[in-house]
Amino acid sequence: MTIIKNICCIGAGYVGGPTCAVIAYKCPDIKVTIVDVNPTRIAAWNSNKLPIYEPGLDKVVFERRNKNLFFSTNVDEAIQQADLIFVSVNTPTKKSGIGAGRAADLAYVESATRRIAQVAKSSKIVVEKSTVPCRTAQSMRTILEANATKEIHFDILSNPEFLAEGTAIQDLLTPDRVLIGALQTPEGMKAQQALADIYMHWVPKDKVITTNLWSSELSKLAANAMLAQRISSVNALSAICEATGADVDEVAYACGRDSRLGSKFLKASVGFGGSCFQKDILNLVYLSEELNLPEVASYWHQVVVMNEYQKKRFVRNIIRTLFNTITNKKIAVFGFAFKKDTGDTRESAAITLIKDFIQEQAHVAIYDPKVDDEQILMDLSDSGGVVDTRPQVEKHVQICRSAYEAAQDADCVVIVTEWDEFRDDRLDYGKIYAGMHKPAFLFDGRLLVNESKLRKMGFKVNIIGKTELAGTA
Ligand code: UDX
Ligand code: ADP
């Protein structure tokens with residue numbers, strides 16, 4: 001029986017940071033060291049202002065930091081001391097070369113694996129935590145085994161993380177399941193049990209699922225693809241609702257009451273964002289193409305196509321409603337993060353929308369409670385090419401300290417992120433209306449506000465998946 005006493009996590013990001021902080025919190029007998037090549041990030045983890053915003057994270061980190069939880073840039077030392085190493089580095093979509101725009105860029109996983117192979121002085125269990133294409137574990141094994149000796153042995157596990165941002169700590173404390181894949185050899189299964197024992201400090205045994213390596217890797221991609229598919233399905237229905245007078249909330253509720261469907265992940269929106277959904281589906285598409293399964297590839301690809309369509313449809317609707325032009329008009333954007341309760345902006349629908357508004361020469365006033373000004377400017381200036389669009393962005397964008405400031409003298413308000421503070425029982429929409437140009441338009445991309453309440457105030461309200469036709473014969 002292998003007992004883990006010392007854990008190293010390579011990568012102090014949105015996945016590695018919270019996951020290993022919770023392990024330290026729940027397993028005071030285990031020393032956990034989270035390392036990263038980025039010294040600014042590590043300094044922030046060691047400061048009072050953590051580098052990521054996540055409800056409940058501060059408490060967990062502050063309680064265990066410098067007791068059995070450490071943040072460091074000394075990657076080699078942490079590797080050497082560890083019995084078990086989580087690889088939690090980033091795996092973005094490749095920007096160039098073979099598979100560009102679809103395949104995952106595994107350069108960071110490979111470099112972390114090579115580092116382990118190079119500096120390890122004793123046997124290790126190496127755990128693939130980052131979401132990766134199927135069979136990545138095999139590549140990691142090849143690299144590690146090529147460097148193994150009689151004395152040093154490596155076991156590879158796949159332990160994908162299912163936490164969602166904004167609820168990460170809750171998801172980690174009470175997960176639906178923990179998935180651990182291993183080679184079905186005696187050593188592989190021993191390593192699998194050692195990792196399962198860590199989780200079983202707080203996760204009930206029946207929630208720890210053990211599978212073979214490839215099932216584990218594919219399950220993570222599959223879960224994300226199916227979740228994203230539900231959103232694209234309800235978003236496709238939202239377009240039909242707007243054209244017919246059906247109400248997408250009512251349709252989602254009626255469908256979700258079927259216990260076979262379930263009610264979660266049926267909220268129509270301006271489009272899903274986040275670092276995982278699009279990347280993982282594109283990964284699945286690439287894998288299917290590689291396996292010569294073009295019909296399977298195009299089936300999953302449609303989920304991303306529908307998401308792009310939803311964002312473009314929302315923008316077109318805004319322009320059409322504002323009398324076919326938004327040139328020189330002021331658009332107040334409420335929210336920039338890809339969902340509420342996070343400061344993360346990766347693949348946020350706000351980026352696509354605002355870039356389109358700028359193209360149309362509108363003035364955009366943005367307010368988000370958690371996203372830094374510089375992050376907003378960087379995201380909007382990232383043209384993916386050589387052109388420097390920053391001056392153009394700065395000319396058209398104003399970053400505000402409150403929703404009221406953003407909406408002052410605006411022609412329309414666009415709700416992009418469903419932050420609670422934008423709800424109509426929290427924000428004084430009467431005050432917002434009073435400060436706006438008339439007619440004052442409001443576009444709700446999150447089904448957040450009560451349309452009849454806001455219509456009574458005087459707003460021209462436009463909600464995704466709803467129309468004024470609703471309720472008419
Ligand atoms: C997702 C998965 O949920 C998680 O299991 C995995 O580990 C990582 O990817 P995350 O991207 O952090 O997590 O957040 P999630 O809550 O899934 O939301 C993703 C996007 O879908 C957000 O933009 C959200 O606003 C949107 N969404 C979600 C909807 O538009 N409608 C819904 O009903 C649910
Ligand atoms: P995720 O959302 O998957 O956690 P992030 O980008 O938030 O992704 O975090 C990944 C972290 O991994 C980054 O902070 C990055 O600096 C770090 N990283 C990448 N490669 C290495 C490496 N070889 N060694 C240590 N840290 C690494």
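Both ligands and their constituent atoms are indexed starting at 1 by order of listing. Since the model is a prediction, treat every value here as computed from it, not as a measurement.
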Next item on the list: May I ask you to check if ligand 1 and F162 share an N or O to N or O distance below 3.5 Å?
Entry: yes

Item checked: Protein heavy-atom partner closest to atom 2 (O) of ligand 2 - residue, atom, separation in Å -> R346 NH2, 3.0 Å

Checklist line | Any R41 heavy atom less than 4.0 Å from ligand 2 | finding: yes

Notebook entry, point to check: Taking heavy atoms and a distance under 4.0 Å, where does K220 meet ligand 1: side chain, backbone, both or neither?
Noted result: side chain

Next item on the list: Considering heavy atoms of the protein only, find what lies nearest to atom 2 (C) of ligand 1 and give residue, atom and distance to 0.1 Å.
Entry: N224 OD1, 3.5 Å

Check: Where is the nearest protein heavy atom to atom 25 (O) of ligand 1: which residue, which atom, and how far?
Finding: R446 NH1, 2.7 Å

Next item on the list: Tell me which one of T19, N38, I42, V89 gets a heavy atom nearest to atom 20 (N) of ligand 2.
Entry: V89

Checklist line | Heavy-atom gap S111 to ligand 2 smaller than 4.0 Å | finding: yes

Checklist line | Sub-4.5 Å side-chain heavy-atom contact between S47 and W45 | finding: no

Checklist line | Atoms in ligand 2 with a heavy atom of Y108 nearer than 4.0 Å | finding: 19 (C), 20 (N)

Check: Is the charged tip of R346 near the ring of F338: under 6.0 Å from the six-membered ring centre and within 45° of its axis?
Finding: no

Check: Among protein heavy atoms, which lies nearest atom 6 (O) of ligand 2, and at what distance?
Finding: N90 CB, 3.6 Å

Next item on the list: Between T167 and ligand 1, find which residue part has any heavy-atom pair under 4.0 Å and reply side chain, backbone, both or neither.
Entry: neither

Notebook entry, point to check: Hey, what do you get for CD (E128) to NZ (K220), rounding to the nearest 0.5 Å?
Noted result: 11.5 Å

Check: Relative to each other, are the rings of Y429 and F334 parallel, tilted or perpendicular (30° and 60° limits)?
Finding: tilted

Next item on the list: On the 0 to 90° scale, with breaks at 30° and 60°, tag the W202-Y199 ring pair as parallel, tilted or perpendicular.
Entry: tilted

Check: Can you tell me the protein heavy atom closest to atom 18 (O) of ligand 1 and the distance?
Finding: K339 CD, 4.1 Å

Notebook entry, point to check: Does at least one non-hydrogen atom of K264 fall below 4.0 angstrom from an atom of ligand 1?
Noted result: no

Next item on the list: State whether the shortest distance between N or O atoms of Y14 and N or O atoms of ligand 2 falls below 3.5 angstrom.
Entry: yes

Margin query: If we set the cut-off at 4.0 Å for heavy atoms, which region of E347 has an atom near ligand 1: side chain, backbone, both, or neither?
Written below: neither

Next item on the list: With heavy atoms under 4.0 Å as the rule, classify the contact between E161 and ligand 1 as side chain, backbone, both or neither.
Entry: backbone

Next item on the list: Search all heavy atoms of D368 against all heavy atoms of A337 and return the closest pair with its distance.
Entry: OD2-N, 3.0 Å

Item checked: Mode of L163 contact toward ligand 1 - side chain, backbone, both, neither (heavy atoms, under 4.0 Å) -> backbone

Margin query: Could you identify the single nearest non-hydrogen protein atom to atom 3 (O) of ligand 2 and state the distance to 0.1 Å?
Written below: V15 CG2, 3.8 Å

Margin query: Using a strict threshold of under 4.0 Å (side-chain N to carboxylate O), is an ion pair present between E242 and R313?
Written below: yes

Next item on the list: Enter the distance from M378:CE to Q375:CD here, rounded to the nearest 0.5 Å.
Entry: 4.5 Å

Checklist line | Identity and separation of the nearest protein heavy atom to atom 26 (N) of ligand 2 | finding: V37 N, 3.4 Å

Item checked: Heavy-atom side-chain contact between L284 and L218 under 4.5 Å -> yes

Check: Counting from 1, what ligand 2 atoms have a heavy atom of I10 closer than 4.0 Å?
Finding: 24 (N), 25 (C), 26 (N)

Notebook entry, point to check: Is there a side-chain contact between F459 and I432 (heavy atoms, below 4.5 Å)?
Noted result: yes

Notebook entry, point to check: Got a second to check how far L377's CG is from I399's CD1, nearest 0.5 Å?
Noted result: 4.0 Å

Next item on the list: Return the residue, atom name and 0.1 Å-rounded distance of the protein heavy atom closest to atom 33 (O) of ligand 1.
Entry: K267 N, 2.9 Å

Checklist line | Heavy-atom nearest neighbour in the protein, as seen from atom 20 (C) of ligand 1, with distance rounded to 0.1 Å | finding: G273 O, 3.5 Å

Checklist line | Residue and atom name of the nearest protein heavy atom (relative to atom 12 (O) of ligand 1), distance in Å to one decimal | finding: E165 N, 2.7 Å

Checklist line | Per-atom contacts, ligand 2 versus G13 - under 4.0 Å to a heavy atom | finding: 4 (O), 5 (P), 7 (O), 9 (O)

Next item on the list: Using a strict cut-off of less than 4.0 Å between a Lys/Arg side-chain nitrogen and an Asp/Glu carboxylate oxygen, indicate whether K124 and D155 qualify as a salt bridge.
Entry: no

Item checked: Protein residue, atom and distance nearest to atom 15 (C) of ligand 2, heavy-atom basis -> D36 OD1, 3.5 Å

Check: Just which atoms of ligand 1 are under 4.0 Å from any heavy atom in C276?
Finding: 8 (C), 9 (O)

Checklist line | Among D171, N235, L227, D344, closest by any non-hydrogen atom to atom 3 (O) of ligand 1 | finding: L227

Checklist line | Carboxylate-amine/guanidinium proximity below 4.0 Å for D76 and R115 | finding: yes

Notebook entry, point to check: Do the numbers put K370 on top of the ring of Y53, so that NZ or CZ is under 6.0 Å from the six-membered ring centre and no more than 45° off the axis?
Noted result: yes

Notebook entry, point to check: Is any N or O atom of V75, backbone or side chain, closer than 3.5 Å to an N or O atom of ligand 2?
Noted result: no

Notebook entry, point to check: Once you round to the nearest 0.5 Å, how far does CG of L454 lie from CG of D444?
Noted result: 9.0 Å

Item checked: Which of the ligand 1 atoms, numbered from 1, are nearer than 4.0 Å to a heavy atom of S269 -> 29 (C), 30 (O)

Check: Minimum heavy-atom separation for I180 to N159, with atom names?
Finding: CG1-ND2, 4.0 Å

Notebook entry, point to check: Nearest to atom 11 (O) of ligand 1, what protein heavy atom do you find, and at what distance?
Noted result: F338 CE1, 3.5 Å

Note to self: One residue to check: E165. Relative to ligand 2, which of side chain, backbone, both or neither has a non-hydrogen atom less than 4.0 Å away?
What the structure shows: neither

Check: Once you round to the nearest 0.5 Å, how far does CD1 of I7 lie from CG of D83?
Finding: 8.5 Å

Next item on the list: Starting from atom 1 (C) of ligand 1, locate the nearest protein heavy atom and write down its residue, its atom name and how far away it is, to 0.1 Å.
Entry: F277 CE2, 3.5 Å

Checklist line | Taking every non-hydrogen atom, the tightest pair across I152 and A120 | finding: CD1-O, 3.5 Å

